[in-house]
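Take a look at the structure set out below.
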Amino acid sequence: MSEERSLNFIEEIIEKDLKEGKHKEIHTRFPPEPNGYLHIGHASSICLNFGLAEKYNGTCNLRFDDTNPTTEETEYVDSIKYDVEWLGFKWNEELYTSDYFETLYGYAVILINKGLAYVDDSTAEEMGVQRGDTTKPGTNSPYRDRTIEENLQLFEDMRVGKYKDGEKVLRAKIDMAHPNLLMRDPVIYRIRHAHHHRTGDKWCIYPMYDFAHGQSDSIEHITHSICTLEFIHHRPLYDWLIEQLEIFPSKQYEFARRNLSYTVMSKRKLLQLVNEKHVASWDDPRMPTISGMRRRGYTPESIRNFADTIGIAKRENMVDLSLLEFNVRDHLNKIAKRVMVVLDPVKVVITNYPEGQTEELEVENNPEDENGGTRKVPFSREVWIEREDFMEDPPKKFFRLGPDKMVRLKGAYIIKADSFEKDADGNITEIHCTYFPDSKSGHDTSGLKAKGVMHWVSIPHAKTAEVRLYDRLFTVEDPSNEDGDFKDYINPDSLNVVSNAYIEPALVDASLEERYQFLRLGYFCLDKDSSPEKLIFNRTVTLKDSWAKEQKKG
RNA sequence: GGUCCUGUAAUGUAAUGGUUCGCAUAGCAGAUUUUGAAUCUGCUUGUUCAGGUUCGAAUCCUGACGGGACUGCCA
């Protein structure tokens with residue numbers, strides 16, 4: 001039944017490798033550095049790596065790339081694990097590059113013994129000069145020709161803490177004239193007298209990314225090590241080290257990271273937004289972090305479908321937000337409970353409805369779900385409707401309430417507006433309507449037809465809640481690529497708080513797990529800061545609004 | 001200037017030398033609708049350019065042009 005789906009370039013490589021017997025089974029890994037929260041870009045990588053392992057019956061490890069003790073923290077480890085699980089993936093093993101520190105040290109000794117690494121006393125500045133640049137070849141360090149014995153001794157001295165930070169480094173001995181700057185005797189170990197989140201104070205030398213990542217891949221027998229495009233220059237070094245060390249030949253493949261419009265994705269920038277209080281926290285619902293999207297109401301399914309939709313490739317890209325929004329609407333439409341909430345209320349009095357009378361109307365929870373069931377919604381003489389649903393002098397195509405216009409109150413009766421009252425400022429304060437008793441939803445014998453259907457909340461039964469309306473965090477597609485600071489483009493209206501929305505009574509039992517569609521308004525979820533005393537809802541995404549479009553046309 | 005990666009519709013992706021370049025989103029029309037949602041139907045927009053190879057090129061080759069990455073003791 002499954003439709004034929006074309007393979008992305010990595011799947012092609014894998015299928016070829018499997019077919020040719022290069023590997024019996026594939027092993028991938030997701031290798032985050034625990035120095036920040038995961039974002040939607042990481043989600044693509046997670047879906048790719050774990051997804052590939054699932055698809056080809058292989059395994060995927062979760063490996064924390066923790067080789068820099070000064071930036072990494074356990075808090076991040078925990079959040080990363082939570083996010084990966086929340087997305088619905090299970091790792092084969094939970095691993096840490098720091099688990100391999102002893103092995104990596106041994107690898108470095110092997111390199112020294114082969115005459116392929118040396119201890120260098122040059123300062124960072126001196127090394128910068130030695131490196132040359134893209135046009136000029138580099139020059140050899142004066143320490144490049146130390147003997148193996150001397151290097152061995154010096155490296156051990158580094159390990160036992162004889163030197164201060166920055167005093168010495170271990171460098172691979174490759175080629176200072178190599179056209180690839182990364183091959184010009186790259187640093188592979190540096191001294192850092194810092195407390196590591198897992199190894200504590202056991203080490204004062206730490207391997208660099210290039211001497212840790214590929215080796216860790218190899219130790220774990222990762223067959224396909226997938227990373228983003230900017231590491232493509234590292235591949236020759238990745239291969240060189242594995243070859244010299246004569247260890248399992250993991251292979252690196254690169255794909256282009258996914259960029260999303262109207263947001264930023266770099267950890268540095270996201271950290272800045274948090275630190276400078278442009279957002280409340282890492283999980284602020286406006287953040288493109290997985291935790292922020294979770295809090296906003298995105299579902300794991302919608303994020304995975306999104307990752308699937310945008311696929312992977314090697315070219316630069318800017319994925320339009322609408323692709324993400326489509327996926328979240330698509331999923332929420334199937335699962336969200338429909339409820340009625342009025343954000344900007346105006347009072348409607350149904351003058352011919354008996355005073356004091358209340359009806360319990362049976363209303364469908366979700367027309368998209370046969371098993372969604374129904375709930376009771378109380379109806380009475382006075383109801384709140386949305387202020388924008390009434391116009392004193394409506395244009396022709398306005399399918400809502402206006403003088404002498406008829407609309408159906410969703411799940412209830414058809415009403416007609418007779419008159420309205422205004423305050424001194426000209427604001428409408430009250431609308432007087434009559435209802436048609438034989439137009440009751442499900443039992444309509446009136447023969448009337450109302451083009452418009454509106455949501456409403458019975459005034460005497462209404463409860464209140466705070467509703468947070470979120471919009472894109474930035475006003476431009478690519479804030480990082482504009483003139484000036486990216487923060488100059490923060491959308492001042494990214495959050496609008498409605499502190500006193502009227503909600504139908506059934507919503508007081510709202511739960512964190514449930515997703516809701518506030519009829520005609522959008523998809524919402526309960527915020528984690530919500531309490532029975534003060535309910536708080538987050539808007540995940542609006543509904544598509546063709547009326548808004550119509551209006552824009554004028 | 002060096003090395004490397006990359007150019008298919010507004011956006012993302014497909015085509016693996018062989019119909020008329022497919023799909024999704026977005027946009028536009030219409031149908032339908034007790035959500036101006038959803039659903040359904042139709043439509044619009046594309047191979048960066050120039051040569052070459054070939055019966056045949058988005059695909060292979062050459063060159064140009066465009067976009068991007070690399071000069072941390074970050075990852």
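Quick note on labels: first sequence line is chain A, next is B, and so on, each numbered from 1. Please read these numbers as outputs of a predicted model, since none were measured by experiment.
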Whole angstroms only, please: what is the [atom1]-[atom2] distance between [X] and [N]?
X      : N     : atom1 : atom2 : result
A:M454 : B:A37 : CE    : P     : 16 Å
A:K449 : B:U33 : NZ    : C1'   : 14 Å
A:N481 : B:G67 : CG    : P     : 12 Å
A:R315 : B:U47 : CZ    : P     : 14 Å
A:E325 : B:A38 : CD    : P     : 13 Å
A:L182 : B:A75 : CG    : C1'   : 12 Å

Within the structure shown, what part of the strands sits under 4.0 Å from [X] by heavy-atom distance: base, sugar-phosphate, or nothing?
X      : result
A:A124 : base
A:Q517 : base
A:G128 : nothing
A:T123 : base
A:G442 : base
A:M208 : sugar-phosphate
A:P367 : base
A:K451 : base
A:Y206 : nothing
A:I232 : sugar-phosphate
A:V169 : base
A:K168 : nothing
A:F255 : nothing
A:L519 : base

Go through the N and O atoms of the side chain of [X] and the base of [N], and report whether any donor-acceptor pair is under 3.5 Å.
X      : N     : result
A:H234 : B:A75 : yes
A:S546 : B:G36 : no
A:R338 : B:U35 : yes
A:R400 : B:G36 : yes

Do the side chains of [X] and [Y] get close enough for a salt bridge, i.e. N-O under 4.0 angstrom?
X      : Y      : answer
A:D217 : A:K251 : no
A:D471 : A:R539 : no
A:R338 : A:E364 : no
A:R29  : A:E220 : no
A:K440 : A:D444 : no

Stacking between B:A75 and A:Y209, yes or no? Criterion: centroid separation under 5.5 angstrom, plane angle under 30 degrees.
no
Is the base of B:G72 syn or anti, if syn means a glycosidic angle within 90° of 0?
syn
Which base, if any, makes a Watson-Crick or G-U wobble pair with [N], both distances under 3.5 Å?
N     : answer
B:A57 : none
B:C23 : B:G12
B:U45 : none

From the list A:Y189, A:F101, A:Y105, ring-ring contact (aromatic ring centres under 6.0 Å, His included) with A:Y206 holds only for A:F101
On the ring face of A:F399, is A:K451 found with NZ or CZ under 6.0 Å from the centre and within 45° of the axis?
yes
